[in-house]
Structures are given as structure tokens and as C-alpha cells.
Amino acid sequence: MTVRTASDRDPRCDADLVHATRRRDSGAFEALYARYAPVIHGIILGRLAAHDADDVVQNVFITALTKLESLREPAAFAGWICRVARNAAEDFRRGSGDTLQLDEEYASRATQSQSAEAAAALAAIRALPEAYRETLMLRLVEGMTGAEIAERTGLTPGSVRVNLHRGMHLLRDALEKRP
Amino acid sequence: MNDDYLWDRSGEPDPATRRLEELLVVYRYKESPVPVQQTRRRSALRWLAAAAMIAIGIIIFARTTARNSWRATVLSGNAPTRVLRTGEELNTHDARVRLESRAIGSIELAPGTKLILAENGERLHRLSLIYGSLHARTTSAPGLFVVNTAFANAVDFGCEYTLTINNDGSGLLRVTAGWVELENSRQSLVPRGAAATILASGELTAPYFENAAPELRDGVVTFQSVRGPARTTALINVLRHARKRDALTLINLFSRANPAERLYIFDRLNELVPAPPGLRRDDVLDWNARTTEPWWPSVVKAARVPPIEKKGKPGWW
């Protein structure tokens, strides 16, 4: 099955897009960017403050574009760029310190109480083990379906289903225990 | 808990999942191809700047004498030469007009150009270009002649150049001799054979040689105009197509790039013109104007442009 988000209208598969990008087809790179930016954003948001996430997303794609030649199997682009994103987030966090408390300010486009509740929910997701954290970020923040998460991260649909189910249980417990 | 809804949003929505989705949507990734907010803010600044220029012009006008003036000559037709006094506004309409000053040199104005002679003193001659195009050929000392625009000032360093400003404040500076400094909160030092663009957002691009690859020239402008994939592609295109003399463009990108982008700029610039001893790759992560100062002399040499004559200015950035 192939799934496409609204901003991902290029019918080519990842491997074709990778090959085309290597041939300096900027349209192909933009298609990869549109397809994977929400995934990368979700992964990074699990590790960094919201206001830093957009910049780091861009940095991930710079790295991807300049190191694409090192990707041996173009069809494995999904798992590869997710690893690049995790490494970029960790590098950024080491270099800038922890500024996660600014999430509430970032969410202030909602009402004040909603901002606090949203920031608390985000913090609770971040506190989950990595597998659950990333899967729930992609589902609840980025709005992806389980099938999309599986395709974009390289996980099996079964693993995603388990991560969603167990992760939601842990998240609910954490939010209920919140003072 | 409804696992179907959690999986693909099918079936009856689970209230707890639905609530979390509603709360967390504010953090969702948003495509942002153009920095719209910045444009709006800059637009307000543009009007403020324009108002300030006009106010300055009016104040100075009240204090002027006929001695502080330029001669304006319509190049087509038989209209008499007249003296342009400080604070006066000149609109060329359909004609080409030449402004001449013994102290500065000759300025040719294209049809459809509007400017104010804002200042005309011993230490500074200043034109405020509202819109249109001027071609300046100066013989004055560096720093004596300045053209204000809504977003930037063009400071002459003994040169010949063409400056075009559109109605929205955007524009283009093309230098054919010497150097011109284009400045606002950023700075672009533009040498002979190079150009720099003033974006509608008020940003100044890095200077780029007009005989550089089209991918580089377009990339320099796009890099500062958009975000997302187009910005990334633009940067990569600039780096890939940079020749040795385009090191001048690359060194100007440090101030316009984020830390990760600076590393890639460093790598390519270092290939073209080796970094000076003591400057390490990681130093550009915390870039400030002094970080790459020692690199400038070898970059200017590689660009094959004459050394700049710059009085009383602190550095290259």
C-alpha cells in the first residue's frame, strides 16, 4: 500500500526520488522534503523545544542532501533519514542546552489554559520510551495514520500498532497522575 | 480505547485521543515557503523609513542655500539646466536627467525616477532614491557620497554603479568599477563586476559576480527569500557552482546562515580558499563578524578585485 499526505503529491517511490535527487533534480528533492518533513519534525519534537524544531528539520535535509551519496540502498531512505534526524536533534541539544520549557509559549496561539494543557501533554509524550514517543508524536501531533507512520519510518505496521496501543496507555496513565 | 480510531481515525472517535489531537495540533509541522510575517513587518519599516527620509529632506531644505546644490540637466529635449537645492524632490517622469556635482561626479537618472537631494555638505552628499534607477560615476573620496533607499544605504568607495529601486523597496545594485557598500542591519560589500539584491523583505543578499553560474546567482537570492526545501536546494546550488572567485559570495553567507548551514559553507569555502591558520571548522558554529575576519584578505585576492579603500570602517563584514 502507498500512502500520500496532502502535501506529498509526487507519485514516485522513495528510491526513484533518491535517484533523481542524485541527478540534481531539485523537484525530486522537494518531493522528498514534502513527504518526510512532518516525520522528521515529529521525531525532533520528541527531543527538542518546539521553536527549535523547524530549524533542525531544515538542517536534517541539508545533511541528507549532502550525504545522499552515502546511502547504499535508496529504498531504505525512510529509516536512514529518521536516523539522521535523531542524530541532528541530539547534536542540537548538546550544543544548545535544554529549552523545552518554551513549549507553552509556542502553543500560546491557543487559549492560555489550552496552552498549558498542550505543553503538559507534549511533555508527557516526551517522557515515554523512545519507540512510543516517536510513534505517538507522529500520530497525535503530525496527524499521520498508523500506515503512514510505518511507511515513513521503516517500522512494520505491526510494530506501529503495538507502539500506538501501549504508548497511549502509558500516556493516559501519565496524564491522569499529573497534579 | 478505540484502536481503529487510533490506527487510522476510522470508526467512533475515542474522546481522549480526540482531545489530545486537538490540543497538540498547534505543534504540527507547517510548511513555510515564504517568511510572510517578516515581509509585513518590513513593509511597516519601509513606510517609516520613507517618512523619515522625507522628513529629513524637509528639515534640511529649510536650512539650505543655493551654494549646496547639484545641476540637473534633461538629456532629451531643450529644457534649461537648473539647480537642485538640498531638500528638493526631483521626478524625471519620461526624461533622462543628469545630475552633476564638482565634489562628487555625475549621476544619470533613468525615466521614471524620483529622488530627494537630502544632504549636500562638505562631509557628506546624500540622495534619497524613492524609486527608479540611477547610474553613478564618482570621483570623490570614499564614503563621501551615499544613496539612501527605503531598505538600505549605498555608500560609494570610489566607483561606478547602477542602483535600481522598485516601488516596493526591493532593488538591485550592480557595480562596474571600484566598490560599493550596501548596508542596513547587514552589509554587502560589492566589488566591480558584482551585484547584490535588495529583497522586498528588506534583506540584502550576499554579493555575487554577474558572470557566476546562473544557479549560483539565483541561489543566493532564493537562499534568503524562502524557507524549507527551496532554501536548502539554493544553498547546495550556490556551494556546488561556486568558483574560486565566488569565495567572496560564500564568505558573505556566514552572516545569513544558521549554524548547520555555516559548516557546509565553511567546507566549500575552505576548498576554494584555505582557511587561515587558527580558524577551525567548529568556530563558525558560534559565528560573529570577527570569526572570519582573518579570511577576508585571501578571499578578496582570490576574487581578483582591487583592494577596497575604506576610511574609518571597522572591518569587512
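All figures in this text were calculated on a predicted structure; none of them were measured in a lab. Letters A, B, ... mirror the listed sequences (proteins, then strands); counts begin at 1. Note that these values count all heavy atoms, side chains included, but never hydrogens, waters or copies made by symmetry.
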Value rounded to 0.5 Å, distance of [atom1] in [X] from [atom2] in [Y]:
X: B/E22; Y: A/L140; atom1: CD; atom2: CG; answer: 11.5 Å
X: B/T17; Y: A/L136; atom1: OG1; atom2: CG; answer: 9.0 Å
X: B/T232; Y: A/Q58; atom1: OG1; atom2: CD; answer: 4.0 Å
X: A/H41; Y: B/Y27; atom1: NE2; atom2: OH; answer: 11.0 Å

Is any side-chain heavy atom of [X] less than 4.5 Å from a side-chain heavy atom of [Y]?
X: A/V39; Y: B/Y29; answer: no
X: A/F92; Y: B/P259; answer: no
X: A/L171; Y: B/L20; answer: yes
X: B/I236; Y: A/F29; answer: no

Taking the side chain from B/R9 and the backbone from A/G143, do they hold a donor-acceptor pair closer than 3.5 Å?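 Checking the backbone N and O of A/G143 against the side chain of B/R9, a donor-acceptor pair under 3.5 Å is found.
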Heavy-atom distance under 4.5 Å to chain B: side chain of A/V160, backbone, both or neither?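 For A/V160, heavy atoms of backbone and side chain both lie under 4.5 Å from chain B.
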Atom group of A/I149 that falls short of 4.5 Å from chain B, counting heavy atoms: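 When you check distances to chain B, no heavy atom of A/I149 falls under 4.5 Å.
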Which donor-acceptor pairs under 3.5 Å do side chains of residues 213-222 of chain B form with protein atoms, sequence neighbours excluded?
| unit_1 | atom_1 | unit_2 | atom_2 | d |
| --- | --- | --- | --- | --- |
| B/R217 | NH1 | B/E210 | O | 3.1 |
| B/R217 | NH1 | B/A212 | O | 2.7 |
| B/T222 | OG1 | B/D218 | O | 2.9 |

Residue among B/T233, B/L24, B/D286 with most heavy-atom pairs under 4.5 Å to chain A: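 Option with the top pair count is B/L24.
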Can you list the steps and then say if A/I62 with B/R231 is a side chain to side chain contact (heavy atoms under 4.5 Å, CB included)? CA-CA 9 Å; A/I62 293 174; B/R231 176 179 165 98; over 6 Å; no
With a sphere of 6.0 Å drawn around CZ of B/R268, does it hold more than 12 non-hydrogen atoms of other residues, nucleotides or ligands?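 Result for CZ/B/R268: enclosed.
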Could you tell me if A/R139 sits above the aromatic ring of B/Y5, with its cationic atom closer than 6.0 Å to the ring centre and no more than 45 degrees from the axis?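 Because its charged atom sits under 6.0 Å from the ring centre and within 45° of the axis, A/R139 does stack over B/Y5.
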Provide the closest heavy-atom pair for B/W7 versus A/A147 in the form atom of the first, atom of the second, distance.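 Heavy atoms of B/W7 and A/A147 come nearest at CZ2-N, 3.6 Å.
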Is it the backbone or the side chain of B/D8 that comes under 4.5 Å from a heavy atom of chain A, or both, or neither?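 Both backbone and side chain.
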I'd like to know which of A/V56, A/T63, A/V57 tops the heavy-atom pair count under 4.5 Å against chain B.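 Top count of heavy-atom pairs under 4.5 Å with chain B: A/T63.
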For chain A, which residues from residues 237-251 of chain B have at least one heavy atom closer than 4.5 Å to it?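 Residues in range: B/R240.
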